[in-house]
Amino acid sequence: MISKRIIPCLDVTNGRVVKGISFLNLRDAGDPVELAEFYDREGADEVVFLDITASHEQRKTVVELASRTAEKVFIPYTIGGGIGSVENIREILRMGADKISINTSAVKNPGLIKESSMIFGSQCIVVAIDAKSKTGGGWEVYLNGGRTPTGIDAIWWAKEAEKLGAGEILLTSMDKDGTKDGYDLQLTSAVVDAVNIPVIASGGAGNLEHLRDVFNLAGADAALVASIFHYGEFTVRQAKEYLRSEGIDVRL
Amino acid sequence: MYIAVIDYNMGNIKSVENAFKGIGADVKVTDDPEIIGKAKAVVLPGVGAFRDAIGNLKRLGLDECIMDTIAREKPFLGICVGLQVLFDYSMEGAKSPGLGIFKGSVEKIPDGVKIPHMGWNKVRIIKKDSMLFKGIVSGESFYFVHSYHAVCADEGIISSTTDYGIDIVSSIEKGNAYALQFHPEKSSAFGLKVLKNFMEIASL
């Protein structure tokens with residue numbers, strides 16, 4: 001059966017990795033392609049690039065990134081951030097990206113999910129959801145990196161995205177993101193139960209037990225990991241060896 | 001002395017081209033039967049719907065070119081939809097005919113598992129002396145993305161299978177014709193090893 005996936009996530013702006021990454025014999029640790037190559041060699045199952053470039057004039061750097069990555073990285077990779085049209089999607093996929101991730105543009109124009117999944121296939125359309133817990137229970141969808149509430153229920157939106165043709169949900173807990181105290185197991189598990197497409201859990205990974213729990217307790221199909229790999233606290237291989245020792249099927 | 005990668009407008013050809021270039025192959029991406037005819041080896045990639053794939057091949061006059069490549073025992077490698085089109089017919093959408101080079105059909109993956117079958121899964125090598133899997137142990141993982149799978153009438157052509165609810169045919173071979181359901185171009189080091197083995201088969 002399908003292995004659980006470990007996916008390093010790189011935040012990119014103007015073609016460069018956002019935060020300084022502290023390892024490791026790389027010629028240029030700010031180059032997202034070189035980092036992705038490194039993670040490929042290390043045994044990562046996929047790589048996600050989230051482009052946070054603000055201005056529209058610089059969008060072409062995303063296409064360049066897709067193209068350069070395709071020449072060097074031989075695992076699947078996803079590009080997300082600011083993608084708003086079928087034409088954007090086509091361009092990025094044509095360069096060799098396997099999937100694109102849409103977030104704000106999917107909420108503002110749900111038809112984009114439907115149209116793009118019909119043209120390119122569900123397998124390459126990832127819908128990213130940033131969710132924050134509500135005081136009365138449940139979770140609300142936020143846009144613009146957690147700054148803008150939408151009033152939309154996150155579980156409802158995940159189901160709707162699946163119905164429209166999303167192939168995968170990339171689910172980030174805004175409550176947990178950056179805390180390093182573990183994934184939001186309740187949120188993840190609620191979305192996993194609500195949809196039949198794979199769910200990538202994101203936000204909160206601080207140690208290897210957190211990875212184990214999001215797979216074993218919340219049923220995630222994949223875990224997105226950033227800082228614990230980028231800052232060299234653990235290697236992808238260490239994470240996978242640990243998960244395997246805990247009885248989780250991973251590719252090693 | 002190049003490998004022809006057939007471009008028939010069926011998605012992500014770039015990745016296959018890049019993977020071969022990455023291992024030092026001389027690659028020509030082409031839809032020209034003449035260039036394909038002169039190649040040392042031929043690769044048929046493909047992502048997308050079966051019917052579109054067959055339609056595009058016929059429209060470009062490439063169906064006969066592929067049949068000729070295989071009949072003349074020139075090294076051939078089909079990938080994903082490039083495996084599926086080699087069979088008699090597919091049940092994707094409505095029943096539609098394939099190239100009929102191999103006996104059998106292409107069927108939907110049975111219910112009970114998430115579809116598409118997407119991600120890393122283990123490949124059990126049945127044909128232990130397969131040149132394509134040289135240096136790769138049975139049980140190694142490769143990357144899959146598909147909703148339909150080949151059902152071979154002649155089980156003798158199956159070189160590996162993969163467990164996904166049922167045993168899925170993950171590769172076939174007969175003579176110099178090889179085909180993979182998984183994506184070697186997205187399967188990291190072992191995927192590239194499969195492509196290198198194919199180059200060796202083609203004496204490139």
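Scope of the values below: all heavy atoms of this structure, side chains included, with no hydrogens, waters or symmetry mates. Because the structure is a prediction, the values reported are computed rather than measured.
For chain A, the option among B/His117, B/Lys114, B/Glu140, B/Glu185 with the highest count of heavy-atom pairs below 4.5 Å is B/Lys114. With chain A as the partner, the residue from B/Leu192, B/Val16, B/Asn18 showing the most heavy-atom pairs under 4.5 Å is B/Asn18.
B/Gln181 and B/Gln84 form a side-chain donor-acceptor contact under 3.5 Å, judged by distance and modelled atom types alone.
Contacts between B/Ser187 and chain A at a heavy-atom distance below 4.5 Å involve the backbone alone (N, CA, C, O). For a residue to count as touching a neighbouring chain, one of its non-hydrogen atoms must lie under 4.5 Å from one of that chain's; by this rule A/Asp40 touches chain B with backbone and side chain alike. Only the backbone of A/Ala97 comes within less than 4.5 Å of a heavy atom of chain B; no side-chain atom from C-beta onward does. Heavy atoms of B/Tyr143 lying under 4.5 Å from chain A belong exclusively to its side chain. If you measure heavy-atom distances from B/Lys14 to chain A, the contacts under 4.5 Å come from the side chain alone.
The aromatic rings of B/Phe87 and B/Phe102 lie tilted to each other, with the angle between the two planes from 30° to 60°.
What you find for A/Cys124 and A/Leu93 is that their closest heavy atoms are SG-CD1, 3.8 Å.
The shortest distance between side-chain heavy atoms of B/Pro75 and B/Phe198 falls below 4.5 Å.
For A/Arg68 and A/Glu64, the salt-bridge test fails: no basic side-chain N is under 4.0 Å from an acidic carboxylate O.
Taking the ring centre of B/Tyr2 as origin, the terminal cationic atom of B/Lys28 falls inside the region bounded by 6.0 Å and 45° from the ring axis.
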